[in-house]
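Small disclaimer: the values here were computed from a predicted structure and weren't measured. Each chain gets a letter, A, B and so on, in the order its sequence line appears, and its residues count up from 1.
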Amino acid sequence: MKKTVQIPLGSQHISLLEPIRFKFECENEKIIGVDADVGFVHRGVELACTRKFEFKQVGYVVARVCGLCAITHSLSYTLAVEKLLGYEANDRIKYLRMLMVELDRIHSHMLCLAHTAENAGFEALFMQIMAQREPVMDIQEAISGNRVQFDYISIGGVNRDLTPDLSALIHKNLAALSEKVDALMMLFDTNWSLSLKYKGIGVLSLENAYTYNALGPLARAAGLASDVRSESSDLPYEAVGYTMVLESSGDIHARNFVRLREIVNSIAMCRNIVDNLPVGEIQEKVKGKPKGEAVVRVEAPRGELFYLVRGSGQNILERVRIKTPTFSGIPAMMEVFKGSQYADAPAILASFDPCMSCTAK
Amino acid sequence: MFKSMLEAFLNLFKPLHTGGYPAKEIVLPDGYRGLIEYDGEACIYCDKCEKVCPPGAILFYQQENGEKKYRYNPWLCIYCGECVRACPKPQEALWQSETKQQPALKEEGVNEQWFVWEAACQNSREAYTTAKKAAKTGTNEK
């Protein structure tokens, strides 16, 4: 007689609003085998980029791949095309782009923390963090003119400049947020009922993180020092005070703490950028058409985002390949589930911060 | 834990984060990216806005006498502002306002009407170019 029972999580599940399915092989309450399936939605973004839209318009198309990290997608694409066109942006443009990416990281990490709290059964904390996230969205709306789809980065620069009013708003909102993040760190560290749900649960060892190629906060929580911000020289992260955040235990608690400490680091970086913004033009004319092949890696909130762009000197590109962090992280995620209790699965899943709209593109 | 319980209790007496929506209107920030507005008198009909628009929300209808008519679909527009940056006379002929577009109703049939208009624009251009070619060959024969 078969001793195990199969329980699916998704493709429609109350703790998971997005189309991914994990099929768990359970022995009583314990998960011993995992199978993942992500192929439920296909939007054909990559093909649309190489058929319907010209290369100057594609930046706005790829931004629609994901609502949370829209700015990272348009930044990666723009960097790739600028490489092909042989153009390097001036420091002001680079700093403004970094500012938006870091603000995006703050609000994305806060969303993940909120969801982890919700899936651990702490609804009030979910509401609280979502409310505290709102001022960051306000900053982004004031800078770019829209709350979610920023359309801020275009080939050859950025679309809007930072005014003194905006700098004041950024300082005001970030100062308020900074205090709240300190309180949150205290809460996540000392709250007893949260520690039952987080500490020692969903552990990814350093060895497994290395073997299964974990990336983003998932890897850094296990102690694997992998961050594109320190590896790539496309954006001057070292100059604005970037520090690698590493934890060692690899459980949900460590992942939450990587996110919280990265928020603190990002706030510091945003303040540095606003205070020390170099002078220069925000939009420069870029001539020519993309010819050749370029690869760009950018650290999205969830890990490494990879773009390959190939052009043949035409207005329409030959190939746009997008490899998103969630998709690359699925093998490591499957490994984490093995050996844990089924009841913990929603909280573990939320702690990965899976972004299915990125994966199903 | 007792601290967070106290916090949760005190939250009952704090003001709402969500505000009074929908009774109170949402305050849009300065520089909100709203509808694209157009002035036909200042326009020089270079068609640059039509070419750069990512979703194709701006179209020009070619009339037989050579004039063009501007048509804009605010529901298709993504408010990126590319057209305004491409415009040779920004702020005079084409500019981005801070008005927010209201959602369309099904009865208004905005999609259906726009498909008809898209086809009409395409046909008008083809008809115009063929008419022009015919006129040219006609004069050459004379």
Side-chain angles (χ1 to χ4, degrees), chain A residues 48-49 52-54 56-64 74 117 122-125 127-135 137-147 149-157 159-161 163 165-166 169 183-184 186-188 190-196 283 315, chain B residues 1-21 26-37 47-58 74-88 90-91 95-101 118:
Chain A
C49 293
K52 197 173 182 310
F53 297 98
E54 292 178 7
K56 280 185 180 164
Q57 302 171 337
V58 169
Y60 298 105
V61 180
V62 292
R64 266 96 191 142
S74 53
F122 205 155
E123 193 84 14
L125 187 60
M127 292 289 183
Q128 190 191 324
I129 300 177
M130 288 303 260
Q132 288 165 359
R133 171 176 170 261
E134 216 47 36
M137 310 275 289
D138 288 346
I139 298 176
Q140 287 179 313
E141 187 176 17
I143 293 176
S144 70
N146 204 332
R147 232 174 87 90
Q149 284 297 346
F150 309 115
D151 295 337
Y152 185 66
I153 294 170
S154 55
I155 294 167
N159 293 341
R160 286 173 178 224
D161 205 356
T163 58
D165 287 352
L166 282 175
L169 177 78
L184 276 182
M186 188 75 180
L187 184 72
F188 271 96
T190 56
N191 189 292
W192 180 66
S193 51
L194 278 183
S195 77
L196 288 180
Q283 183 87 42
N315 258 335
Chain B
M1 191 172 85
F2 294 108
K3 209 179 156 194
S4 59
M5 277 170 76
L6 182 72
E7 180 86 359
F9 181 71
L10 288 177
N11 272 343
L12 290 173
F13 307 102
K14 281 184 187 163
L16 283 175
H17 273 293
T18 38
Y21 187 80
I26 294 173
V27 187
L28 298 174
D30 289 341
Y32 176 81
R33 296 205 319 266
L35 289 174
I36 305 293
E37 286 176 3
D47 290 7
K48 273 186 181 165
C49 49
E50 185 187 354
K51 276 173 202 144
V52 297
C53 182
I58 294 176
W75 293 283
L76 191 60
C77 179
I78 59 169
Y79 314 106
C80 59
E82 261 313 276
C83 48
V84 179
R85 283 189 287 279
C87 186
Q91 310 311 328
W95 66 95
Q96 189 153 28
S97 71
E98 294 185 8
T99 347
K100 195 176 178 180
Q101 174 60 29
E118 243 179 347

Open item on the list: Is any side-chain heavy atom of B:Arg85 closer than 4.5 Å to one of A:Asn159?
Closed with: yes
Open item on the list: Counting only non-hydrogen atoms closer than 4.5 Å, does A:Arg147 touch chain B with its backbone (N, CA, C, O), its side chain (CB onward), both, or neither?
Closed with: neither
Open item on the list: Under a 4.5 Å cutoff for heavy-atom pairs, which residue among A:Ser154, A:Ser193, A:Ser144 has the most contacts with chain B?
Closed with: A:Ser144
Task: Among the listed options B:Pro55, B:Pro29, B:Gly31, B:Pro54, the residue most often paired with chain A at heavy-atom distances under 4.5 Å - done: B:Pro54
Open item on the list: Keeping A:Gln57 on the side-chain end and B:Lys51 on the backbone end, is there a donor-acceptor pair under 3.5 Å?
Closed with: yes
Open item on the list: Suppose a student defines contact as a heavy atom less than 4.5 Å from any heavy atom of chain A. Which residues in residues 75-84 of chain B would they list?
Closed with: B:Ile78, B:Cys80, B:Glu82
Open item on the list: For A:Tyr152, which atoms come within 4.5 Å of any heavy atom of chain B: side chain, backbone, both, or neither?
Closed with: neither
Task: Partner chain B: residue of A:Leu125, A:Ile143, A:Thr190, A:Asp151 with the largest heavy-atom pair count (under 4.5 Å) - done: A:Asp151
Open item on the list: Testing the basics here: between A:Arg160 and B:Arg33, what is the closest heavy-atom pair and its distance to 0.1 Å?
Closed with: NH2-CG, 3.1 Å
Task: A:Gln149, part contacting chain B, at a heavy-atom distance under 4.5 Å - done: backbone
